[in-house]
Amino acid sequence: METGRTLVVLVRDNPGVLTRVAGLFRRRNYNIESLVVGHSETPGVSRMTVVVAGGAPEVDQVAKQLRKLIEVLEVRDVSEGSPLLREMALIRVAADGAQRTEVTELAKLFGAKVIDVSHGSITLEMTGSEMKVDSLVRLVSKFRVIEMVRSGRIAMARDTQERDNTVALSA
Amino acid sequence: MTIAIDKPTTIPAVTQAAPEVKRLTGSRIMCEALKNEGVEIMWGYPGGAIMPFYDALPEYDMHHVLVRHEQAGAHAADGYARATGKVGVCIGTSGPGATNLVTGLATAYMDSAPVVALTGQVARAFIGHDSFQETDIVGITLPVTKHSFLVNSAAELGDVMHEAFHIARSGRPGPVLVDVPKDVMLEEADYTSAVRPEQPPHGGQGDYDRAGALIDRARKPLILAGHGVILAEAYDELRSFAERTGIPVIATLLGLSCIPESHPLYLGWPGMHGPAHINRAIDEADLIVAVGMRFDDRITGKLETWAPNARFVHIDIDPAEINKNVKVDVGIVADAKDGLASLAASSSPADHTEWIETIRSRARPEGPPGDAQGITPYDVLGAIKHGTGGEARLVTDVGQHQMWAARFYGYDKRNSHITSGGLGTMGFALPAAMGVKAAFPGEPVWAVAGDGGIQMNIQELATLAQEGLEIKIAVLNNGYLGMVRQWQQFFHNRNYSETRITGPDYEKLCPAYGLQGRTVTRKEDVQAAVDWAMSTPGSVILDFRIAQEANVYPMIPSGGSVATMIEESEVVG
Ligand SMILES: Cc1ncc(C[n+]2csc(CCOP(=O)(O)OP(=O)(O)O)c2C)c(N)n1
C-alpha cells in the first residue's frame with residue numbers, strides 16, 4: 001500500500017490556479033506529500049494529483065476546501081478501490097566497468113530503463129509504484145547516487161464504467 | 001470512495017432577455033456592469049491607475065462616496081452588504097489604494113459578507129516591472145477573498161464583472177476582487193449584460209428525515225442560530241421552526257437579531273462572554289440544531305469539553321463547514337431559509353417548557369452590580385434602546401463595548417446588530433455604519449465604539465460631514481484599550497502594558513469637522529444626551545466616560561470551558 005490519500009483535482013488551466021491550490025494547503029496547514037500537475041484529456045482543464053497525509057476526515061476537509069476554490073472543477077478521493085498509482089524517477093548512479101553491469105542487471109529486474117551512459121555514470125528511468133521506486137533507489141544507493149528526480153504520484157481510479165469522465169468546461 | 005461533486009461551471013453567464021451588444025471602453029463596461037447589477041452606491045478613492053473609471057463614472061447614475069481611507073470604503077461596502085444582503089462595492093487605485101482595502105476585505109471574508117472590490121492596476125505592459133504603484137493585489141488578497149481576477153483584456157471585462165457579483169453573493173457570500181489594468185479600462189470591446197440568477201442548494205430529504213427523528217426524540221434541545229439565518233433572510237422560517245418544535249433559540253454574536261430577543265423562545269447568546277446560564281444549557285443539551293454558523297472557537301472554547309451530551313444537526317450552505325470543527329450527526333448543505341422550512345416539515349410539534357424554565361431559572365439579572373459608580377455601559381445601551389424605541393441599527397466596534405452592546409441592548413428588530421465578529425477589526429464601526437445608513441437612510445443608525453477603536457477610522461467624520469450623513473456615535477470611553485486591559489488584569493497580573501490610551505476631546509473635535517459632540521460624565525445625563533443626539537441634525541459623537549476598569553463578565557478564558565468560567569463574584573479587586 002502507498003502512504004497518504006490520493007486526491008485527483010481537476011482545475012481550470014488559468015494562470016495562478018496553482019498558487020491558489022498551494023496557498024490553500026499552506027493556509028490551512030494541510031500536510032501535502034506530493035502534488036503533480038499536468039494536462040488532462042480536456043483542453044483547458046489541468047489535472048492535479050495530490051497526496052495528502054492524514055486520515056479520511058482530514059482529507060475530506062481538504063477536498064471540501066478545494067471545491068470552494070472557484071477554479072477547481074472537481075475533486076475526487078481515489079484512495080479506495082485499488083487505484084492505479086504510478087511514479088516516475090530518473091536516477092543517476094556513479095558506475096563504471098563492472099559496477100555498470102551490476103546496475104544494469106538491477107535495472108532489468110525492476111523493469112527500469114537505462115537512458116544514458118557516460119564515462120563515470122549511468123542513468124536509469126524507472127516507472128512504477130512508489131514502493132518499487134523506493135526499493136530500486138535503496139538497492140542502487142550502495143553505489144553513489146549522483147542525482148535523482150522523482151515525479152511524485154500520479155493516479156487514476158480503475159475504470160468502473162459508471163463515471164462520465166468528461167468535464168463540462170465552457171470557454 | 002468517490003466524493004465527486006460536479007461544480008457548476010462558472011462561465012459563461014445566463015442572460016434572460018435578448019442580450020444587447022454595446023461597443024464600450026473598459027471603464028464604461030465596468031460602469032455598465034455595475035449599473036446592470038443594480039448598484040446604486042459605492043465607496044472609493046481615486047488615483048492614477050483607476051482614473052479612466054472615475055472619468056466614466058459621472059455619466060452613470062450611481063452615487064459614489066469619497067471616503068477618507070480605502071479601508072473605510074471596504075468597511076462601508078461591507079456594512080451596506082450586511083444590512084441589505086446586496087453586494088457592497090468599494091474602489092481603490094493600484095498599489096497603496098489596493099493594499100488599504102485588505103483589512104476591509106479580510107473582515108468581510110471572515111463574516112461572509114458579499115463585497116466586490118474594484119482596483120486599478122498599472123497598464124499591462126508595466127506589470128511585473130516593479131512599476132510605480134504596482135502591487136500584486138491579487139496575490140496579496142488570495143487568502144482573504146472568495147475569488148479574485150486580474151483582467152487581461154476589455155473583451156473579458158464584462159463577463160468578469162458579472163461573474164464577480166455572482167460569486168460574491170452566491171452560496172456562502174464573500175468578497176471578490178477585480179483588478180483592472182489601466183489600459184484595459186481604455187481599450188474598447190463589446191459588452192453584453194450577463195447578470196446571473198442564484199440557485200441555493202437544497203439538502204436531501206433523507207437528511208431532513210433523520211434530523212427530524214433526532215429533533216422529535218430530544219428532551220433538551222437547543223437551536224443555535226448564526227449569521228447564515230440573517231444572510232438568507234430566514235427570520236420567519238427560524239421563528240416558525242422554533243415555535244412548531246418548541247425548541248429554545250440561542251444566537252451567535254453574528255446571529256443576534258435573527259429572532260427578536262423578546263421572543264419567549266429566545267434565550268441569549270453563548271460563548272466566551274455569554275451569560276453563564278446559556279453556556280450551562282449547552283453543557284446539558286442533548287441536541288443542538290445549528291443553523292448557518294461555524295462553531296467558532298469563541299463559542300465552543302475547548303472542543304472536547306463543549307456540549308458533551310449533545311447530538312448535532314447542522315445546516316450550512318458551505319459544505320466545508322459540515323464536520324469542520326464539530327463532528328455532527330446530520331449535516332445538511334442548504335441555505336438557512338430552505339433548510340429551516342424543510343426541517344420544520346420533518347419534525348413534530350413539541351413542548352419544551354420545562355427545559356426552558358430550568359435554563360431561565362438559572363439566569364442572573366442582566367446589568368451592572370448594584371453598587372456600580374458613575375455611567376455604566378448598561379446605562380448607555382439602555383438609553384439608546386429607549387431613545388430610539390428599539391428602532392436603531394447598532395454597528396459596533398471591537399472590544400469590551402462590543403460585548404456589552406451584544407448583551408445589554410435587546411435586539412428585537414431584524415438585522416439590527418452589525419459587528420466584525422470573525423476578524424474582530426477595530427475601526428469597523430464608524431465606516432460600516434456609513435454603509436448601513438446608506439442602506440436605510442430613514443432609520444436611526446448608531447455606531448458604538450471604544451475610545452481606542454473610534455480613533456482607527458476617525459477620519460471618516462469628514463465623509464459624514466461631506467455626505468450630510470446622520471450617524472450617532474456612542475464612544476464608551478474608559479481610557480484604556482479595555483478588552484486587552486481586562487486580559488492583562490485576569491491573566492497578566494494587572495500588568496497594564498501599553499493599554500492606557502488617550503484621545504481627542506470629542507466635544508471639540510466634532511465642531512472642527514462641522515459636527516457636534518458632547519462629553520457625558522454623569523449617570524443622570526445619559527438619557528438626555530441620547531435624546532439630544534437624536535434631535536440634533538447630522539452626525540453626533542457622545543463621549544461617555546465610563547469606569548476605567550469595568551469588565552465583561554462572565555468570561556470563559558480562551559480554550560476553556562464552563563468549568564473554567566470567571567464570574568464577577570470571583571474577581572477580587
Ligand atoms: C485592528 C486591531 N488591532 C488590535 C486589536 C486587538 N484588540 C482587541 S480589543 C482591543 C481593545 C479595544 O479598545 P477600545 O477600542 O478602547 O474598546 P474597549 O475594549 O475599551 O471597549 C484591542 C487592542 C484588534 N481587535 N483590532
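Below, chain A is the first sequence line, B the second, and so on; all start at residue 1.
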So for atom [atom1], which belongs to [X], do other residues, nucleotides or ligands contribute more than 12 heavy atoms lying within a distance under 6.0 Å?
{"X": "B/Q199", "atom1": "CD", "value": "no"}
{"X": "B/R124", "atom1": "CZ", "value": "yes"}
{"X": "B/F126", "atom1": "CZ", "value": "no"}
{"X": "A/H39", "atom1": "NE2", "value": "no"}

CD1-CZ distance between A/I70 and B/F149, expressed to the nearest 0.5 angstrom
7.5 Å

Restricting to non-hydrogen atoms, name the atom on [X] and the atom on [Y] that form the minimum distance, rounded to 0.1 Å.
{"X": "B/A320", "Y": "A/Q61", "result": "O-NE2, 2.7 Å"}
{"X": "B/S148", "Y": "A/R20", "result": "O-NH2, 2.9 Å"}
{"X": "A/K64", "Y": "B/N323", "result": "NZ-CB, 4.4 Å"}

Among B/L150, B/V138, B/N152, B/I322, the residue with the most heavy-atom pairs under 4.5 Å to chain A is B/I322

Within-4.5 Å side-chain heavy-atom neighbours: A/K68 and B/K146:
no

